[in-house]
Amino acid sequence: MKTNAYAPTRFDQETELAAFVPDWEEMIWSDRERWPWRPLQNILQVYLDMLDEGKITTYSDRRKESEDYFFGAFPWESHQHTAIDVQRAIGAFTRLLDAIEIRLLSNSTHSTHDSDHKQPSFEGIALPYSESVMEASFIEADSFVKSFLSALPIRHLKFRYIAPGIRLQTPIEFINQPLADRRHNVLIPNLYSADQEKSSFPLLLFRGERENKSPWTRPWFPDGKAENIPCGLYLEPTDKDFNWESGNQSRLLLPFSIGRNGFARSSNGIPFKIARCPGTEWPDQLYHEDLFSGYSGYLPWDSRSSYLHKVLESWAERVEMGDWQVDEDGVVGGIDKFKEADTEEHWREYFIPW
């Protein structure tokens, strides 16, 4: 199994369990048995699946041979997203919207839940967004989010909330991306050029109630002092030169911390409290974007984010199972309902295993 100094491979010959660690500095976690160890055959199967799905192919551009040979990637080329990634996300999102609409139809009389977010004058949202909206949002033509939004089936939605306190954005809201204005000011060093503009920015896909400190500091906030941005479900930024980054990685920013009770778990099954440095008091701010996250142990370049389709599938299941109630404006309960993720009764409903 190929590896390098930045992504060491660990294999236990007695248990036949293995793990990819994104960086050699993270080896401390595997030594403390806090890393997600997997059967070796499962890790190999993930690589076979990536080949079948077109996530990894042989080189299409031979001119990059010398450059990527230096990084140890040749003769393989990885892609930030594939058509299968897009279809999975569309399928999960459609499943969620259908589940909400079915719940609405099954109610002979609409619910009368009191909610701060209800606005009777709401006229609905048409999907997909127009090309002009996406262009004004500075979405790149070959990005995952452009492929995903452009391929959504045409439908007019009378409700807004697709999860507790998380709603669809109007075209104007979508255009006004929280971090879009910072894209011109973000320069990152490159081995082959003095400076290079960041290819994309954290994109707010679904808007949440209230605000919180941005989980992205540098390079978006060069002084390291993050400012408040809207909560909600974001797509992670990617860099064109780093084709191992996944364009369909999402991160949920909440207006409060989760994990202090010891029940909320990351996607590798480790409680948030245990995953942090033992014996160290961490500020609550570090727990406000951990839900649905966690290293998989499968791939060396995994971030701590979750694939978009997995989050949307989980949300659809919550509606289908009746864990989340629905009224004429969509899913009710407000964003504080996500606090259930750190309770003994409900943590499994907010746990997305890899």
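This chain uses plain numbering: 1 for the first residue, then up along the sequence.
Listed by chain and number, the residues in a side chain to side chain contact (heavy atoms under 4.5 Å, CB included) with Ile172 are Thr170, Asn176 (sequence neighbours excluded). Residues satisfying the side chain to side chain donor-acceptor pair (under 3.5 Å) criterion with Glu101, sequence neighbours excluded, are Arg155.
Contact check for Ile139 versus Phe174: side-chain heavy atoms found under the 4.5 Å cut-off. Within the 4.5 Å cutoff, side-chain heavy atoms of Glu340 are placed close to those of Glu349. With contacts defined as side-chain heavy-atom distances shorter than 4.5 Å, the pair Gln87/Ile90 qualifies. Counting only heavy atoms from C-beta outward, the side chains of Ile166 and Arg160 never approach each other to under 4.5 Å.
Considering CD of Gln169 and CG of Leu205, their distance stands at 7.5 Å, rounded to 0.5 Å. Distance OH/Tyr234 to OG/Ser214: 7.0 Å, rounded to 0.5 Å. Residue Lys158 holds its NZ atom at 12.0 Å from CG of Asp329, rounded to the nearest 0.5 Å.
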Query raised in the report: Can you check ring pair (Phe, Tyr, Trp, His ring centres under 6.0 Å) on Trp216 and Phe201, steps first, answer last?
Result: CA-CA 10 Å; Trp216 300 274; Phe201 52 91; over 10 Å; no
Report task. Under the side-chain hydrogen bond (donor to acceptor under 3.5 Å, both in side chains) rule, what do His81 and Ser246 come out as? Steps first, then yes or no, please. Result -> CA-CA 6 Å; His81 73 274; Ser246 295; over 6 Å; no
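Here the side chain of Glu209 pairs a donor or acceptor atom with the backbone of Ile335 at under 3.5 angstrom.
Ring orientation note: the planes of Phe338 and Trp324 are nearly perpendicular, at an angle over 60° on the 30°/60° scale.
Separation of the Tyr307 and Phe144 ring centroids does not fall under the 6.0 Å cut-off.
Between Ile258 and Ala341, the shortest heavy-atom contact is CD1-CB, 4.3 Å.
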